[in-house]
Colleague: 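Questions regarding the structure given below will be posed in turn.
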Amino acid sequence: MVKYEPKAIEKKWQDIWAASKLFEPEINSALKKFFITVPIPYPDGFIHLGHLYTWTRADIYARFMRMNGYNVLFPQSFHVTGGPIIGMSNRINSGDEKTINVLKEQGVNDKELGLFGKNPKFLAEYFINTFKRDFADIGMSFDWRRTFVTTSLEPYFSRFIEWQFRRLRSLGLITQGSHPVVWCPHENTPLGDHDRLAGEGESPVMFTIIKFKCGEYVFPAATLRPETVFGVTNIWINPNVRYCAATMESGEKWIITENAQDKLKNQLKPVKTCEILDIKSFIDKKSVNPIDGKEVPILPADFVDADIGTGVAMSVPMHAPFDYNGLDVLKKKDSIKYGNIVPIKIIDVVDQKDLLKNAMNAFGTTKDGLEKATKFVYKKEFNQGVLNENAGTMNGIAAKLAKNNIIDLLKERKSYDYMFELEGEVVCRCGTRGEVKVLENQWFIRYSDKDWKAKARKEIEKMTVYPDEVKLQLLNTLDWLEDKAVARKGGLGTPLPWDREWLIEPLSDSTIYMAYYTIAHLIKNFDLNEVNDELFDYIFMNKRGKNIKNLSRLEKMRAEFEYWYPLDMRISAKELVQNHFLFFILNHVILFDEDKWPKAIGINGWLRIQGQKMSKSKGNSLTIHKALETYGADQLRLLATAGNGVDDEEWSTLNISGLNQRIEDIMQIIEIKDSFGEEEIELDRYLKSKLAKIINSATDNYKKLRYRSAVFSALFESVSELKFYISAGGRNKNLIMEYLETILKLNHPIFPHITDELFSYLGNTKMLEETTWPIYDENAIDNIMESEVEVVKATVEDIRNIISRIKKRPTKITIGIANSARFELYNKVFMETKHSRNVNEIRRTLRINDPIIDKLLKNPQKLPEKELKQDVEAKTFTELKQFIEGAFECQVQIIQKDKDEKAMPGKPSVEIE
RNA sequence: GCAGAGGUAGCGAAGCGGUCAAACGCGUAAGGCUUAGGACCUUAUGGCUCAGGCCUUCGUGGGUUCAAAUCCCACCCUCUGCACCA
């Protein structure tokens, strides 16, 4: 009994591949090139199975293209820009138990841990080495000569990034401005999602400030709904909170909560002086609504949250449940004083006359209920509402549009301002409450630029995207893409060449490095001083500057770039689609000529393990290194076939046994190969036809990165067809050998080690990647033969069914094939189904009166689906007689039927005795 | 909120107008093999039916069609991204 033992053979083949230099391609103008990459990873931990999902998918593509005759470049590098490496190092240094335990479990010793904590560079180098080791062990076909590390560890690469950013700046695509971020005042740093204990996903929301004048003072009401300003009946302040009169730079005296003045300071609205005052003294005084000049009273309300906005709110009772309820409370207290304040309805929603009241009745007047009602009302009114005659000049305008119109009006009247606020609470890991801060002099890359977007749109439309739906996602995201901050003050990275206290952040320094791969191994021969903008201009733009000398040395790099670029395929998981991939595309279209724009991208989902995404942070990741203790490389590579597209796919080790089984099946057939002979039978045509279809579908699926489907036909279907052929009496050695060779080729990209091994068992001395991909032979397709074999299989099913019904062991089975007249009618009907599947129509066209026609047309669901031939059916049954006898262990007779009503084409009559 | 994807038998997952009671894998059950277990092989696995038949199913509710898991509309639920965060 043969057993598949992957460990025994995998190292051997990895060494053979390495020695062959197969994966270190050189320029070869006789060959078409193919350049494929995966985004560079952060070496801040061990590579695990979740990562591998993406990389194996790329490696499979690289091997597939090599076998298809392409000169394939598949390099890999590493990313250390930004925070992750330093963050990891800091966590270890500060004794973070979770992190340390995970690493220890994965085999890091105390000495190494100590160094990790002290030296982020050591940490990065350590993990880069483990990545390389694990990549090799899993059989990745990388060209390691071109590896580099972005960015601060590699001055040559930094020069490249500087070149990129000077060019972007010279194109006017880098600007400086201010920008709101969530900020930790304790650590003095922006708070990303990963830095938060609470408030993940919270981002600054812009509140409109509308200035209501009251004598010398301004009441700056903060609101999310400026479109309701026509419906204001009063101003709310909270009598239980300390307020102050803050003198702003403009000289205006704003009445705001004490809290609010710090917020304003953070948002570049410095408060010059500030006097505490008794807010209660303003109650019942009048203020002026700037939109229409109407006077509205200032009233007390304890639901006004001192932590949000300015502490001054405008009251629109007809459109805000809290305001309505607040006014109600006051009216109950003092109906004379407040009785004449009437809610004003300014937004109409079709079919929703009493939207607010209904919502309040439905949700109640508890705090929670009012919040729900608020959400409900806001949503309906904003999306479906239209302003009415109470809204002055805005009458008839949709609420959605009115918002900006009203803001413009307020600006004209110098009654507008804005501030940022967090809707939910954000807490930093250090425990401090996060707040909004507007950063000054931040550098931006102008992804909002219309012309730039138009170019990118053109490229996306042209590009091949697997799977298809991702293209739509790219285009949609491009539409709302805004300017992006390109630099930060912390972490690692290349300084902005013109403002060196800012470091270029990771998503911005990783947009065009694929071009750098083409020269990465050569540029190191230069002195760093020689590596300047002119050099890059010459290589990448063919622009020869004054100081360019030593042309011959440069020429080699230029040739590499010209040969390998553009990038033909980039593979990644889906989370990079809406950020990295867009930046990658945008930078390419602006920095390179159109013939150097990327050709295709392939996106995959995640690997789930027991329903959860496999990731470092979830702690459910299995490192490749560990997994290789139990499984072989090819067995782990099977996980690349977990899915076809962007859906997340469940992976279980159980699939591995299915793989093992097929491999052992193949090994067994190879073992008995000498027992096969020369005889050719009808069934050969069936196997050849199946093989052709398998080649066709596997090839197509490989091309589209649909590996789940590819492995299904290349491995599972192919082996089971071969087993059927042999069990049904097939013995044609030449055919079987050709079949085996073909399926080894078809499986090689996914399972390179075992297929190379088995290929050598067949007496070959070449590696599979030195052979060529199987060619689909259309002439081998024999649909009638395939159909008739299916008829036999279906008949066996039928017989089984009957036997189980009548509950007796058969002694003899007689199978009656329909006569050729019936086949003729059958095929006539089949031909008609190509034009119409409407039974009445078929009947009308055919105009044949025959009980067989009636039978065929009885059920439109069961119309003939394929062409059948009487002689083939008869021959097939005769040839497979032994196969049928074997299944039932009794005598089988095949006869021709002339009159039997039951025998139909594709459905012979069956008599069981 | 905006955008994208998805809901299929006990589970994973194909199918994306007719050959669909739904591939394939796993699980489960019976039989074979074996001293026994494992592995392996065969068969069964929505319901009913003692001659190959019938009935009900593909998130929910409608619709289009001779025909819908597949197309259209509405609703419910799940996942993902949304920017200084890699």
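Keep in mind that the numbers below use all heavy atoms, side chains included, and drop hydrogens, waters and symmetry copies. Note that the structure is a prediction, hence the values are computed from the model and not measured.
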Colleague: Rounded to the nearest angstrom, tell me the gap between atom CG in L582(A) and atom P in G4(B).
Modeller: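 Value for this atom pair: 14 Å.
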
Colleague: Which nucleotide in the list A51(B), G53(B), G15(B) gets nearest to the side chain of K907(A)?
Modeller: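 Of A51(B), G53(B), G15(B), G53(B) is nearest to the side chain of K907(A).
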
Colleague: Consider the side chain of N579(A), meaning its heavy atoms from C-beta on, and name the nucleotide among U19(B), G81(B), G52(B) that approaches it most closely.
Modeller: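 The answer is G81(B).
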
Colleague: Tell me: CD of E575(A) to P of C82(B), nearest whole Å?
Modeller: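 Rounding to the nearest Å, CD of E575(A) and P of C82(B) are 9 Å apart.
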
Colleague: How far, in whole Å, is C79(B) from C66(B) if one measures between their P atoms?
Modeller: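 That atom pair is separated by 41 Å.
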
Colleague: I want to confirm an ordering. Mapping Q473(A) and E482(A) to their closest nucleotides on RNA chain B, which one lands closer to the 5' end?
Modeller: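 Counting from the 5' end, the first nearest nucleotide belongs to Q473(A).
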
Colleague: Please give me every residue in residues 502-511 of chain A whose heavy atoms get under 4.0 Å of an atom in RNA chain B, ordered by residue number.
Modeller: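 Within residues 502-511 of chain A, the residues near RNA chain B are P506(A), L507(A).
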
Colleague: Using atom names, set out every protein N or O paired with an N or O of nucleotides 42-49 of chain B below 3.5 Å, distance rounded to 0.1 Å.
Modeller:
{"from": "U49(B)", "atom 1": "N3", "to": "R805(A)", "atom 2": "NH1", "distance (Å)": "3.1"}
{"from": "U49(B)", "atom 1": "O4", "to": "R805(A)", "atom 2": "NH2", "distance (Å)": "2.9"}

Colleague: Nearest of A5(B), C84(B), A3(B) to any side-chain atom of R488(A)?
Modeller: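 Looking only at side-chain atoms, R488(A) lies closest to C84(B).
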
Colleague: Write down the distance separating the C1' atoms in C20(B) and C76(B), rounded off to the nearest Å.
Modeller: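 To the nearest whole Å, 27 Å.
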
Colleague: Verify the contact: side-chain N or O of Q661(A) to OP1 or OP2 of C40(B), cut-off strictly under 4.0 Å; return yes or no.
Modeller: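 For C40(B), OP1 or OP2 has a side-chain N or O of Q661(A) closer than 4.0 Å.
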
Colleague: Take the protein atom CG of L856(A) and the nucleotide atom C1' of U19(B), then report the distance between them rounded to whole Å.
Modeller: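 To the nearest whole Å, that distance equals 14 Å.
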
Colleague: From the options C85(B), A14(B), G52(B), select the nucleotide whose nearest atom is closest to the side chain of R708(A).
Modeller: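 Shortest atom-to-atom distance from the side chain points to A14(B).
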
Colleague: Measuring only the C1' atom in each nucleotide, how far is G27(B) from G12(B)? A whole number of Å is fine.
Modeller: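 Going atom to atom, C1' in each nucleotide, I get 11 Å.
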
Colleague: What string of B, S and - do you get for nucleotides 67-73 of chain B, 5' to 3', if B is base contact, S is sugar-phosphate-only contact and - is no contact with any protein heavy atom under 4.0 Å?
Modeller: S------

Colleague: Please state the P separation for the pair A22(B) and U57(B) - nearest whole angstrom.
Modeller: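 My reading of the P atoms in A22(B) and U57(B) gives 16 Å.
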
Colleague: Please tell me which of the listed nucleotides, C84(B), A5(B), G52(B), lies nearest to the side chain of V910(A)?
Modeller: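 Nucleotide nearest to V910(A)'s side chain: G52(B).
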
Colleague: Whole-Å distance between A23(B) P and E721(A) CD?
Modeller: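 Checked: the CD to P distance equals 16 Å.
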
Colleague: Is there a donor-acceptor contact under 3.5 Å from the side chain of T795(A) to the main chain of V791(A)?
Modeller: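 Between the backbone of V791(A) and the side chain of T795(A) there is a qualifying donor-acceptor contact (under 3.5 Å).
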
Colleague: Tell me, please, which residues at least two apart from K704(A) pass salt bridge (Lys or Arg N to Asp or Glu O under 4.0 Å).
Modeller: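 For K704(A), the residues satisfying salt bridge (Lys or Arg N to Asp or Glu O under 4.0 Å) (neighbours in sequence not counted) are D700(A).
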
Colleague: Can you tell me how far P of G25(B) sits from CZ of F716(A), to the nearest Å?
Modeller: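 One finds 8 Å between P of G25(B) and CZ of F716(A), rounded.
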
Colleague: Within this structure, what is the NE2-to-C1' distance between H79(A) and C84(B), rounded to whole angstrom?
Modeller: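 In whole Å, C84(B) C1' lies 13 Å from H79(A) NE2.
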
Colleague: My understanding is that only residues two or more places apart in sequence, or in another chain, count here; which of them pass salt bridge (Lys or Arg N to Asp or Glu O under 4.0 Å) with E505(A)?
Modeller: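 Expected list: K484(A).
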
Colleague: Name all residues meeting the salt bridge (Lys or Arg N to Asp or Glu O under 4.0 Å) criterion together with E867(A); count only those two or more places apart in sequence or in a different chain, and write none if there are none.
Modeller: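 Expected list: none.
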
Colleague: Salt bridge check, E786(A) against K866(A): does any charged N sit closer than 4.0 Å to a carboxylate O?
Modeller: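 No, this pair does not count.
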
Colleague: Please, which pairs that meet salt bridge (charged side-chain N to carboxylate O under 4.0 Å, His left out) have at least one residue in residues 436-448 of chain A, sequence neighbours excluded?
Modeller: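 For residues 436-448 of chain A, and leaving out neighbouring residues, the salt bridge (charged side-chain N to carboxylate O under 4.0 Å, His left out) pairs sorted by first residue read R446(A)-D449(A).
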
Colleague: Tell me every residue that passes ring pair (Phe, Tyr, Trp, His ring centres under 6.0 Å) with F712(A), counting only those two or more places apart in sequence or in another chain.
Modeller: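 For F712(A) there are no ring pair (Phe, Tyr, Trp, His ring centres under 6.0 Å) partners, ignoring immediate neighbours.
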
Colleague: Between C16(B) and C58(B), how many Å separate the two C1' atoms, rounded to a whole number?
Modeller: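 To the nearest whole Å, 12 Å.
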
Colleague: Let me know the distance between CG of L638(A) and P of C24(B), rounded to the nearest Å.
Modeller: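 Atom CG in L638(A) sits about 18 Å away from atom P in C24(B).
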
Colleague: Using side chain to side chain contact (heavy atoms under 4.5 Å, CB included) as the criterion, list what pairs up with P495(A), not counting sequence neighbours.
Modeller: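 For P495(A) the side chain to side chain contact (heavy atoms under 4.5 Å, CB included) partners, ignoring immediate neighbours, are R500(A), L503(A).
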
Colleague: With a 4.0 Å cutoff (strictly under), does any side-chain N or O of N476(A) reach OP1 or OP2 of G4(B)?
Modeller: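 Yes, within the criterion.
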
Colleague: Taking the C1' atom in each of G10(B) and A44(B), what is the distance between them to the nearest angstrom?
Modeller: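 One C1' to the other, the span is 15 Å.
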
Colleague: Check every atom of G18(B), A23(B), C84(B) against the side chain of F712(A) and return the nucleotide holding the closest atom.
Modeller: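 The closest nucleotide is A23(B).
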
Colleague: Distance alone, cut at 3.5 Å: any donor-acceptor contact between the side chains of W183(A) and N266(A)?
Modeller: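 Judged by distance alone, the side chains do not pair up.
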
Colleague: Any side-chain heavy atom of L168(A) sitting closer than 4.5 Å to one from V486(A)?
Modeller: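 Result no, sub-4.5 Å side-chain heavy-atom pair not found.
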
Colleague: In terms of side-chain heavy atoms of Q578(A), which of C84(B), A3(B), G52(B) is nearest?
Modeller: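 Among C84(B), A3(B), G52(B), the one nearest the side chain of Q578(A) is A3(B).
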
Colleague: Decide, yes or no, whether a salt bridge links R457(A) with D479(A) under the criterion of side-chain N to carboxylate O below 4.0 Å.
Modeller: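 Judged by the 4.0 Å cut-off on N to carboxylate O distance, R457(A) and D479(A) do form a salt bridge.
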
Colleague: Tell me every residue that passes side chain to side chain contact (heavy atoms under 4.5 Å, CB included) with A710(A), counting only those two or more places apart in sequence or in another chain.
Modeller: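 Result, side chain to side chain contact (heavy atoms under 4.5 Å, CB included) vs A710(A): N701(A), Y702(A).
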
Colleague: Compute whether any side-chain donor of one residue and acceptor of the other, for D665(A) and Q661(A), lie under 3.5 angstrom apart.
Modeller: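 Q661(A) and D665(A) do have a side-chain donor-acceptor pair below 3.5 Å.
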
Colleague: Only stems of 3 or more consecutive Watson-Crick or G-U pairs count here, both distances under 3.5 Å; name the ones for RNA chain B, or none.
Modeller: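 RNA chain B stems, ordered by first number: B:1-7 with B:76-82, B:10-12 with B:24-26, B:27-32 with B:40-45, B:46-48 with B:53-55, B:59-63 with B:71-75.
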
Colleague: Going by ring pair (Phe, Tyr, Trp, His ring centres under 6.0 Å), name the residues that satisfy it together with W452(A), two or more places apart in sequence or in a different chain.
Modeller: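 Once residues adjacent in sequence are excluded, the partners of W452(A) under the ring pair (Phe, Tyr, Trp, His ring centres under 6.0 Å) criterion are Y447(A).
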
Colleague: Using the C1' atom as the reference point in each nucleotide, state the distance between U34(B) and U28(B) in Å, no decimals.
Modeller: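 Comparing C1' positions in U34(B) and U28(B) gives a spacing of 22 Å.
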
Colleague: From the options A83(B), A5(B), G25(B), select the nucleotide whose nearest atom is closest to the side chain of L472(A).
Modeller: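 The nucleotide sitting nearest to the side chain is A5(B).
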
Colleague: Taking the C1' atom of each, how far is G18(B) from A69(B), in whole Å?
Modeller: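 That atom pair is separated by 13 Å.
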
Colleague: Mark yes or no for whether Y513(A), through its side chain, and S77(A), through its backbone, hold a donor-acceptor pair below 3.5 Å.
Modeller: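 Judged by distance alone, no pair lies under 3.5 Å.
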
Colleague: Tell me if a side-chain donor or acceptor on N747(A) pairs with a main-chain N or O of V711(A) at a distance below 3.5 Å.
Modeller: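 No; judged by distance alone, with no hydrogens or angles, the pair does not exist.
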
Colleague: Of the nucleotides G15(B), A5(B), A14(B), which one has an atom closest to the side chain of R706(A)?
Modeller: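 Comparing G15(B), A5(B), A14(B) against the side chain of R706(A), the answer is G15(B).
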
Colleague: Let's see if you can work this out: which of G81(B), G15(B), A51(B) has an atom nearest to the side-chain heavy atoms of I912(A)?
Modeller: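 Out of G81(B), G15(B), A51(B), the nucleotide with an atom closest to I912(A)'s side chain is A51(B).
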
Colleague: What integer distance in Å separates F581(A):CZ from C82(B):P?
Modeller: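 Spelled out: CZ on F581(A) to P on C82(B) is 15 Å.
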
